[in-house]
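Both ligands and their constituent atoms are indexed starting at 1 by order of listing. For reference, positions follow the sequence shown, starting with 1.
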Amino acid sequence: MGDKEFAFVKEAFESNWIAPVGPHVDMFEKEFCEITGARYAAAVSSGSAAIHLALILLGIQPGDEVICSTLTFAASANPIVYQGATPVFTDSEPRTWNMDCNCLEDAIRDRIRKGKLPKAILIVHLYGQSADIDPIMNLCNQYDIPLIEDAAESLGAYYKGRHTGTFGKFGIFSFNGNKIITCSSGGMLVSNEEGLIKKAKFLATQARDPAPHYQHSHIGYNYRLSNVLAGIGRGQLRVLAERVEARRANFDFYEKELGCLPGIQFMPEAAFGRSNRWLTCLTIDPSRCGSTREDVRLALESENIESRPVWKPLHMQPVFQNYPYYGSGVAEELFDKGLCLPSGSNLSKEDLQRVVKAFLRVYQTNLIQNKN
Ligand SMILES: *Cc1c(COP(=O)(O)O)cnc(C)c1O
């Protein structure tokens, strides 16, 4: 937390706005738009809820198909299945780890050949780096398919100078506890179309028709953000720039200390944008360094340092493995070799040095063993 969050929360208590509505919610949306350049925003209870609302507003129904990046957290695709639709997974490109537009084109063409035009394309800006939006947008325009940007991990990240999440028909953000800024839980749905965001707010507050009695002509959801949590969010927006700098500094430190090791490659940053470096990720090539990703992860764990494999691609997940997938194994390889290092915004220099030392120890031991 920064310095301002508690004051905003106190204000919510003092004014007795303890509800999923109130002045902090309105201000949080307004300030969020100012920071990101999004035109309209609806503060909601989670990033997952924001994705779900986007799909509902695009009219996604049972039997429809939605193209989705495979290398991501399950929450990107779960709402597709909530709607009874079919996720169609596409592979990553090595340059950004994000959706490969060649795979996307293969997927679109093949789905059309099989009889269905995909109803939406959901791209993810993974680990805080923007996908290459222009060629993806060209395909969206060519085939007239709306784009949803899952920017849950990329608040504070840009593509060609413009904020991620503001290019598609919808952008979604998350303020879950693990994200770059947090309300403990929460999310934001943004769009450049006012009507869509109005409708999102209506659906997110149980779809109550304008009548003095409770009248409903749509199925609604309880998806709005609490005014108390929006107060936290307002405080967090004020430290976003610092958080991005802290995360980028983590990355720079790790890269400086470990980047020259044979077989280690840090997640590249494409020239078209600026990543928030939410997590520092790298790949470990066992044929060049003598250690696998798991060797390194377990060695760090034995020193009480938590690191994680890169997301397991969704097309490999038991729950999604029967859905279509288009790709050539790039995401699979990133999962096989990829590791996310401790990346909190509050890591001290000593913490970072401890991680680096532990990393070097495994590395050197295994390299020597390998030579013998
Ligand atoms: C965290 C996350 C979500 C879901 O956000 P919640 O607020 O946790 O529901 C969706 N997509 C990605 C890529 C995420 O990292």
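Expressed to the nearest 0.5 Å, how far CD1 of Ile80 lies from SG of Cys68 amounts to 4.5 Å. To the nearest 0.5 Å, atom OG of residue Ser184 and atom CG of residue Leu229 are 4.5 Å apart. One finds the NZ atom of Lys337 at 9.5 Å from the CD atom of Gln265 (value rounded to the nearest 0.5 Å).
Residue pairs meeting the ring pair (Phe, Tyr, Trp, His ring centres under 6.0 Å) criterion with at least one partner in residues 84-104, sequence neighbours excluded, are Phe89-Phe320.
With hydrogens and angles disregarded, a donor-acceptor distance shorter than 3.5 Å links the side chain of Ser191 to the backbone of Lys169. In this structure, the side chain of Asn227 engages the main chain of His24 through a donor-acceptor pair within 3.5 Å.
Contacts of ligand 1 (protein heavy-atom distance under 4.0 Å) are Ser46, Gly47, Ser48, Thr72, Phe73, Ala75, Ser76, Val124, Asp150, Ala152, Glu153, Ser174, Asn176, Lys179, Gly186.
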